[in-house]
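Nothing here was measured: the structure is a model prediction, and the numbers come from that model. Counting convention: from 1, in listed order, for ligands and their atoms alike.
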Amino acid sequence: MSLDKVYAYIDANTDDFVEDLVKLVKQPSVSAKGEGIQECAELVEKMMQEIGLSTKIFHEEKGNPVVYGEIKSKKSDRTLLFYDHYDVQPPEPLEKWMYEPFSGKISDGKIYGRGASDNKGNLVSRLKAVQALLEVTGDVPVNIKFFVEGEEEIGSPHLEPIIKKYKDLFSADAAIWEFGGTDRRGRPNLYLGLKGVLSVELRAGGASKDVHSANAPIIPNPAWRLVWALNLLKDKEENILIEDFYENVLSPSSEEIECLRNIPFEEEETKKELELKKFLQNKSGIEALKALLCQPTCTINGFVSGYTGKGSKTVLPHEAVAKLDFRLVPNQNSNEIFRKLVKYLKNRGFGDLEIIKHGCTEPTKTPINDPFVKLVAKTAEKVYGKRAVVYPISAGSGPMHLFRNFLGYPVVSVGCSHPEANTHAPNENLKIKSFIKGTKFIAALIGDFAL
Ligand SMILES: [Zn+2]
């Protein structure tokens, strides 16, 4: 396959590719509010059909539609699957945007809009890479599958049953995950895994209604009960105290530590931006990175009870609520951690607390020495002219485990984004240059995967 011809096609069609991305950005698809979901799914399906993929939209009983597309290669049995999502984060706060969040405004060589980078830019870049291969060679070097869901930004709560029900359809030899890009020095990033997350709510109750705080000697105070319960979960040295919490944690291998050393970590910039003198426990360098990427966490997301308004109010609240999340690392399991949490609090006299499980995804990673990881890194280096930066795992979460663990193939995350893309924030954008380079990278990757 002549990659030069494919690259030339991509260059010659840049304006059309940008136009398609703008069209997709203009279609709101906010899963948190259920806004524009069906319309966006149909638009994605149409874009797939336009380049020659056969498609299917999965409307399950629960959850937003999943758009699936595929095309078979005439000469290869290998299959590469792309996981993407068409839903986006809410655009708020609206007043911070330079242009309307769903305008797809092009300015300064960038396409602005919610989803421009996460994840519509990546999705369109992959579709266009496939289009370029088809137009130039009349075939795809390997079988291609696209799995594009509509609930990634709300934790993919309905994905598991679909994956399990249609597991044969979603089988592949490897998958490319949704996100990635280059760093400030133009080096391509590879992410080999994701942390899991378990979100829980703890509720303590007391009297049937708020009472005068003069009653404190005889009426139980749920705010205190919740504080005491939370105090049992973690000590001041940041150790999580739930029994056997660390039981299945895999510590990073020496190869992974080596990778961490190669990761640019902008410590000083981050501290400055957050107006912090130091990180937690004064961590820095490799220790901070190791903690960030390889350690599980227990975080209080919020705590509400009683009166916190102006001045004072001598009241004894009737309930207290805390929300927490646990970020999990391989090989922890969210159900197991939830069970351990419930048992631990019960054994320490807090069986009266209501403990609600909200959402969860499992941690996963593809081993650093997997041949697919090597192939992606090699192609990235070839296309970008710089050695790839490999993250053994990312600090974020997502449903990657369903593909990696359940469907059982290697998964690597790479993409066409850049450090100033403002994903999830106002003024999200994608540089047209990054978009086009990323499209070439995916085309090259599909070609190399056939070899
Ligand atoms: Zn996102």
Exercise. What do the steps show when you test Glu420 against Arg184 for salt bridge (Lys or Arg N to Asp or Glu O under 4.0 Å), and what is the final call?
Worked result: CA-CA 9 Å; Glu420 299 92 38; Arg184 282 178 217 286; 3.3 Å; yes
Problem set entry | ring-ring contact (aromatic ring centres under 6.0 Å, His included) partners of residues 14-69, not counting sequence neighbours, each pair once | Phe58-Tyr166, Phe58-Phe170, Tyr68-Phe170
Problem set entry | Of all pairs that satisfy side chain to side chain donor-acceptor pair (under 3.5 Å), the ones with a partner from residues 382-393, not counting sequence neighbours | Lys382-Asp448
Exercise. So how many protein N, O or S atoms does the Zn ion (ligand 1) have within less than 2.8 Å?
Worked result: 4
Seminar exercise, completed: ring-ring contact (aromatic ring centres under 6.0 Å, His included) test vs Trp177 passes for just one of Tyr191, Phe403, Phe82, namely Phe403
Exercise. Can you list every ring-ring contact (aromatic ring centres under 6.0 Å, His included) pair that touches residues 95-131, not counting sequence neighbours?
Worked result: Tyr99-Tyr112
Problem set entry | Residue among His358, Lys357, Glu362 satisfying side-chain contact (heavy atoms from CB on, under 4.5 Å) with Leu198 | Lys357
